[in-house]
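In listed order, ligands and their atoms are each counted from 1.
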Amino acid sequence: MQKSLRGRVVDDDCLFCQIIAKKRDAETVYEDETIVAFKDRYPHAPVHLLIVPKKHIRSINDLAPEDKDTVAWMFMKAPEIARLMSVDRSGYKLLINVERGAGQVVFHLHLHLTGGWR
Ligand code: AMP
Ligand code: ZN
């Protein structure tokens with residue numbers, strides 16, 4: 001069920017909201033007021049992080065005008081997060097799956113950051 005927690009939309013049934021609320025474990029590598037970045041549990045690359053807004057947004061299709069700064073921040077912070085994982089210079093990919101047909105399985109917006117290939 002969706003509710004507002006300290007002015008932020010959260011969904012108790014959502015896996016990523018539970019990670020953000022620290023009700024579930026994740027290997028967090030970066031966190032600020034707006035986003036959290038943690039390691040993907042089933043990585044597809046040597047480095048595979050998920051950059052996740054703290055606000056529960058179902059997918060790119062569900063963005064509201066007030067989410068503009070949040071989405072910009074996810075991308076603005078990606079180079080710094082890549083640098084933390086030492087892949088900023090070697091190279092990395094940023095990917096968002098939108099809806100089931102594209103492979104989205106967790107319906108809380110997230111940006112995949114993959115890298116670390118030889
Ligand atoms: P997507 O397919 O775009 O919805 O991406 C969801 C991602 O979440 C997948 O790459 C999963 O491997 C990852 N994932 C699922 N459960 C967890 C978890 N408990 N902690 C971290 N990552 C997870
Ligand atoms: Zn959520």
Side chains of Phe38 and Tyr30: closer than 4.5 Å at any heavy-atom pair?
-> no

Pairwise side-chain contact, Ile81 with Leu49, heavy-atom cut-off 4.5 Å (strictly under) = yes

For ligand 1, is there an N or O atom under 3.5 Å from any N or O atom of His112?
-> yes

Any Asn61 side-chain heavy atom under 4.5 Å of Val98 side chain | yes

Can you tell me which residue and heavy atom of the protein come closest to atom 4 (O) of ligand 1, and the distance to 0.1 Å?
-> Val105 N, 2.7 Å

Looking at ligand 1, does any of its N/O atoms fall within less than 3.5 Å of an N/O of Asp40?
-> yes

Side chain to side chain, Asp67 and Lys55, heavy atoms closer than 4.5 Å = yes

His110 contact mode with ligand 1 (heavy-atom cut-off under 4.0 Å) = side chain

Ligand 1 contact by Ala26, heavy-atom criterion under 4.0 angstrom = no

shortest atom 2 (O) of ligand 1-to-protein heavy-atom contact is with Gly103 O, 2.7 Å

Any link between Leu111 and Met76 through a network of hydrophobic side chains (Ile, Leu, Val, Met, Phe, Trp, Tyr) touching at under 4.5 Å?
-> yes

If you measure from NZ on Lys77 to CG on Leu113, what distance do you get to the nearest 0.5 Å?
-> 14.0 Å

So is there a nitrogen or oxygen of Ile19 less than 3.5 Å from a nitrogen or oxygen in ligand 1?
-> no

Of His108, Lys23, Arg24, the one forming a side-chain hydrogen bond (donor to acceptor under 3.5 Å, both in side chains) with Gln18 is Arg24

Can a salt bridge be assigned to the pair Glu31 and Lys54 using a cut-off of 4.0 Å between side-chain N and carboxylate O?
-> yes

Looking only at distances, please establish whether an N/O atom of ligand 1 is found under 3.5 Å from an N/O atom of Arg41.
-> yes

Report the part of Phe107 (side chain from C-beta onward, or backbone N, CA, C, O) that has a heavy atom under 4.0 Å from ligand 1; answer both or neither where that applies.
-> neither

Where ligand 1 meets Asn97 - atom numbers and elements under 4.0 angstrom, heavy-atom basis = 1 (P), 2 (O), 3 (O)

One finds that the ligand 1 atoms under 4.0 Å from a non-hydrogen atom of Lys39 are 21 (C)

Which atoms of ligand 1 sit under 4.0 Å from any heavy atom of Phe16?
-> 8 (O)

Can you list the atoms of ligand 1 that are under 4.0 Å from a heavy atom of Phe38?
-> 21 (C)

Taking side chain as C-beta onward, heavy atoms only, is Glu99 less than 4.5 Å from Phe107?
-> yes

Would you mind naming the N, O or S atom of His108 nearest to the Zn ion (ligand 2)?
-> ND1

Looking only at protein heavy atoms, which one is nearest to atom 16 (N) of ligand 1, and how far off is it?
-> Leu15 CD2, 3.4 Å

Return yes or no for this condition: an N or O of Leu50 is under 3.5 Å from an N or O of ligand 1.
-> no

Have a look at the Zn ion (ligand 2) and estimate, to 10 degrees, the angle subtended by ND1 (His56) and SG (Cys17).
-> 110°

Are any of the side-chain heavy atoms of Leu63 and Lys68 separated by less than 4.5 Å?
-> no

For the residue pair Val10 and Cys17, establish whether any side-chain heavy-atom pair is separated by less than 4.5 Å.
-> yes

